[in-house]
Amino acid sequence: MGTDIDGVIESRSADGCWKVEIDLLDLRLGRDYNAWNCLFDVRGVEDVRALLSHRGLPNDVSDPVREMSTDTDNDYQHGHTYATWAEVAAVDWDAPLPDGPAFYWAGEWRPGEDGELVLHDIVWAATDLADAAVDTFGGDLLLAPPEWPPGGEVCLDGVVYRPVVLTARMFAPPDEERWSRVWTAMRDLAAEHGDENVRLVVWFG
């Protein structure tokens, strides 16, 4: 059974009251489990320090949001959290999220314009890559990237794979794809109301 995201962007008026500015459903974020993992620690397969996770609802959340995000009959909504634009704007998108290389992902390196290898993509470390690691490093067990020798890399079908330490930019790039819609909307509202007076509130179900 899948998980869906819901939420809003709120702004705070001069009298201190919060109101809904944008419904996230209108931004058509869809299901993006990798992004949710690094942003909110929801539906992830890697152990990461998510950026904005498990804060609950703000105490002063607007009444419509409290009603939307709290189901008294069915306890299926979870992962409630929030962040102001000031907090989002201060995020270091390139900071490591885990303490070491990802277990389920590897960096795919390909030649760049000058012929030097550059990081091309982050890919799922499938069984064929684990088999290739056994062929490269020896042994008789499937080897995930964190188990490769220091500095180790695996060549498979003309592509070089190396262990990778995950960052938020890899799965939720702030200036690309779906989440740029959220951040742009918050940035524009913050220009009018102030960085501390615009916030994202999300939950899952």
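As the structure is a prediction and not an experimental result, all values here were calculated from the model.
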Hey, quick one: are [X] and [Y] part of the same hydrophobic cluster, counting side-chain heavy atoms closer than 4.5 Å, chains of contacts allowed?
X    : Y    : result
L166 : L52  : yes
V48  : V123 : no
W85  : W18  : no
V134 : V159 : yes
L129 : F103 : no

Where is the tightest heavy-atom contact between [X] and [Y], given as atom of each residue plus distance?
X    : Y    : answer
A185 : I9   : CB-CD1, 4.0 Å
A83  : R55  : CA-NH1, 3.8 Å
V154 : A132 : CG1-CB, 3.6 Å
P101 : P146 : O-CG, 3.5 Å
C155 : V160 : SG-CG2, 3.9 Å
V20  : S62  : CG2-OG, 3.8 Å

Would you give the length of the straight line joining atom [atom1] of [X] to atom [atom2] of [Y], rounded to the nearest 0.5 angstrom?
X    : Y   : atom1 : atom2 : result
M186 : E21 : CE    : CD    : 11.0 Å
L57  : Q77 : CG    : CD    : 9.5 Å
H54  : H78 : NE2   : NE2   : 10.0 Å

Student check: side-chain heavy atoms of [X] and [Y] closer than 4.5 Å:
X    : Y    : answer
L200 : W183 : yes
L24  : R181 : no
P98  : V165 : yes
R49  : D99  : yes
R31  : T3   : no
E46  : L97  : no
R178 : D32  : yes
D128 : L156 : yes

Going by the rule ring pair (Phe, Tyr, Trp, His ring centres under 6.0 Å), which residues pair with Y161 if we only count those two or more places apart in sequence or in a different chain? none
When you measure from the side chain of W148 to the backbone N and O of L143, does any donor-acceptor pair fall under 3.5 Å?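 Present.
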Do any N or O atoms from the side chain of E87 and from the backbone of T84 form a donor-acceptor pair under 3.5 angstrom?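 Yes.
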Residues, nucleotides or ligands: over 12 heavy atoms within 6.0 Å of D15 CG: yes
Answer yes or no: does atom CG of D47 have more than 12 heavy-atom neighbours from other residues, nucleotides or ligands under 6.0 Å?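 No - once you tally the heavy atoms of other residues, nucleotides and ligands closer than 6.0 Å, there are 12 at most.
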Salt-bridge test for D121 and R110: reply yes if a basic N is under 4.0 Å from a carboxylate O, no otherwise. no
Sequence neighbours excluded, the answer for side-chain contact (heavy atoms from CB on, under 4.5 Å) partners of S180 is none
Any residue meeting side-chain contact (heavy atoms from CB on, under 4.5 Å) with A191, in chain and number order, not counting sequence neighbours: none
Ring centroid separation F171 to W105 under 6.0 Å: yes
Across all chains, not counting sequence neighbours, the side-chain hydrogen bond (donor to acceptor under 3.5 Å, both in side chains) partners of S53 are none
Mind telling me whether W179 and F40 have parallel, tilted or perpendicular rings, with 30° and 60° as the class edges?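 If you compare the ring of F40 with that of W179, the planes turn out tilted.
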Hey, could you give me each pair passing side-chain hydrogen bond (donor to acceptor under 3.5 Å, both in side chains) that has a residue in residues 195-205? Not counting sequence neighbours. E10-R199, R12-N197, D60-R199
Which residues end up grouped with V118 if you chain together Ile, Leu, Val, Met, Phe, Trp and Tyr wherever their side-chain heavy atoms are less than 4.5 Å apart?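 ILVMFWY cluster around V118 holds nothing else.
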